[in-house]
Number of protein chains: 2
Amino acid sequence: MTLKIGELAALSKVSRDTLRFYEKHGLITPSARNASGYRLYSDADVHRISFIISAKEVGFTLNEIHQLLKLEVTKDEKSCQDVKQFVDDKIAVVNQRLAEIKRIKTSLQTLSNACCGGDKPATHCTILEALSDQTN
Amino acid sequence: MTLKIGELAALSKVSRDTLRFYEKHGLITPSARNASGYRLYSDADVHRISFIISAKEVGFTLNEIHQLLKLEVTKDEKSCQDVKQFVDDKIAVVNQRLAEIKRIKTSLQTLSNACCGGDKPATHCTILEALSDQTN
DNA sequence: GTAAACCCTAGAGTATAGTCTAGGGTCAAG
DNA sequence: CTTGACCCTAGACTATACTCTAGGGTTTAC
Ligand SMILES: [Zn+2]
Ligand SMILES: [Zn+2]
Ligand SMILES: [Zn+2]
Ligand SMILES: [Zn+2]
């Protein structure tokens, strides 16, 4: 079974452009072209794009998916340790981002809580004051 | 007291380039130039860059800081309600990002937990399997 | 009086992840 | 045999927030 780009796009719920973009960046190359140069995707290709999409959904960047695909393709030379390590490294990065966003949320919440929210002029607003404060 | 760009940069711990970049994007314009065209920053300018930096630290984008500066400058025409609403809107956005990152973290954690992490070939690796799974 | 350190502008480059456009070829249906 | 839906390429454009480069002018210290 082979699919043309539009068919694979519909199946995978990504755009044709995205498939071509992934190809340009070495993530997936159709296993064949027809006489007119149309891309033809095989079952293996469908499998691969599915892998890419799943990996995106769990938060890997395209660059990381690149690495993951290498692991996947050479999985008989790699160990579970290698794969797990890769995921754990990503978890560490995600945890950092999480901490940063939590910090931001807390800061904003503190700002908001201090403001009276009334309809009088904001000349006395604690939010604007706090942002203007030269504590740096 | 007036400062040249390098002095303000050192004081504010941002780069000269960043100051010029902010200027190009309408965030801060030095109140004067000397005869040679050098930027000269006043106390008010220092105050303004401090506002910008504080706002960045609590997670506002440059675009949002633009809006905030408008609120700050016209604070006698604006109410606390306006300012608080602005912050609360941002909190809502941050909460969404937080939820998304938590989702990602959970997914990654689930993947990692299922993998044995051993040193045998990853041909049986549950992580690679899960990512390959065509449930879409 | 010259060299280092600083300033200027305009514009290109970086990273991320696509989306869109122009200009043209291909294929199936009626 | 033509119309619409599809395919191709190359390259520009989006958003975000800078950073760097090239090619000059200025200031300051020795
Ligand atoms: Zn108030
Ligand atoms: Zn207020
Ligand atoms: Zn294992
Ligand atoms: Zn495993």
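Throughout, a chain's letter reflects where its sequence line sits, starting with A, and its residues are numbered from 1. Only this structure's heavy atoms are used, side chains among them; waters, hydrogens and symmetry mates stay out.
In this entry the distance linking CD of B:Glu64 with P of D:dA15 reads 15 Å, nearest Å. In this structure, the NE2 atom of A:His25 is 12 Å from the C1' atom of C:dT19, given to the nearest Å. Rounded to whole Å, the distance from CG on A:Leu40 to P on C:dC27 is 11 Å. The distance from atom CG of B:Leu8 to atom C1' of C:dC7 is 14 Å, rounded to the nearest whole Å. Between A:Leu62 atom CG and C:dT19 atom P the separation is 11 Å, expressed in whole Å. As rounded to whole Å, 13 Å separates atom C1' of D:dC18 from atom CD1 of B:Ile49. For the pair B:Arg39 CZ and C:dC6 P, the computed distance is 16 Å after rounding to whole Å. C:dC8 atom P lies 14 Å from atom NZ of B:Lys24, rounded to whole Å.
Of the candidate nucleotides C:dG18, C:dT16, D:dT19, D:dT19 has the atom lying nearest to any side-chain atom of B:Phe21. Closest contact between the side chain of A:Ser36 and the listed nucleotides D:dT27, D:dT19, C:dT26 involves C:dT26. Listed candidates were D:dT27, D:dT16, D:dC8. Nearest to the side chain of B:Asn63 is D:dT16. In the set D:dC7, C:dC7, C:dC20, C:dC7 carries the atom at the smallest distance from any side-chain atom of B:Ile5. In the set D:dT27, C:dC8, C:dA17, C:dC8 carries the atom at the smallest distance from any side-chain atom of B:Arg33. Taking every side-chain heavy atom of B:Thr61 into account, D:dA17 is the closest of D:dC8, D:dA17, D:dT19. When distances run from any side-chain atom of B:Arg20 to the nucleotides C:dA17, D:dT19, C:dC8, the shortest one goes to C:dC8. The listed nucleotides are D:dA17, D:dC7, C:dT19; the one nearest the side chain of A:Lys4 is D:dC7. Ranking D:dT27, D:dC18, C:dT9 by closeness to the B:Lys56 side chain, first place goes to D:dC18.
For the pair A:Glu23 and B:Tyr38, both in contact range of DNA chain D, the more 5′-proximal nearest nucleotide belongs to A:Glu23.
Within a 6.0 Å sphere centred on NZ of A:Lys84, heavy atoms belonging to other residues, nucleotides or ligands number more than 12. Heavy atoms of other residues, nucleotides or ligands lying less than 6.0 angstrom from NZ of B:Lys90 number more than 12.
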Verify ring pair (Phe, Tyr, Trp, His ring centres under 6.0 Å) between A:Phe21 and A:His25, making sure each step is shown before the conclusion. CA-CA 6 Å; A:Phe21 174 81; A:His25 290 266; 4.4 Å; yes

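The main-chain N or O of A:Thr61 is never found under 3.5 Å from a side-chain atom of A:His66 such that the two would form a donor-acceptor pair. Side-chain atoms of B:Thr110 come within 3.5 Å of backbone atoms of B:Thr106 as a donor-acceptor pair (strictly under, hydrogens ignored).
No donor-acceptor contact under 3.5 Å links the side chain of A:Tyr22 to the base of C:dG18.
Listed pair B:Thr18 / D:dT19 meets the phosphate criterion, a side-chain N or O lying under 4.0 Å from OP1 or OP2.
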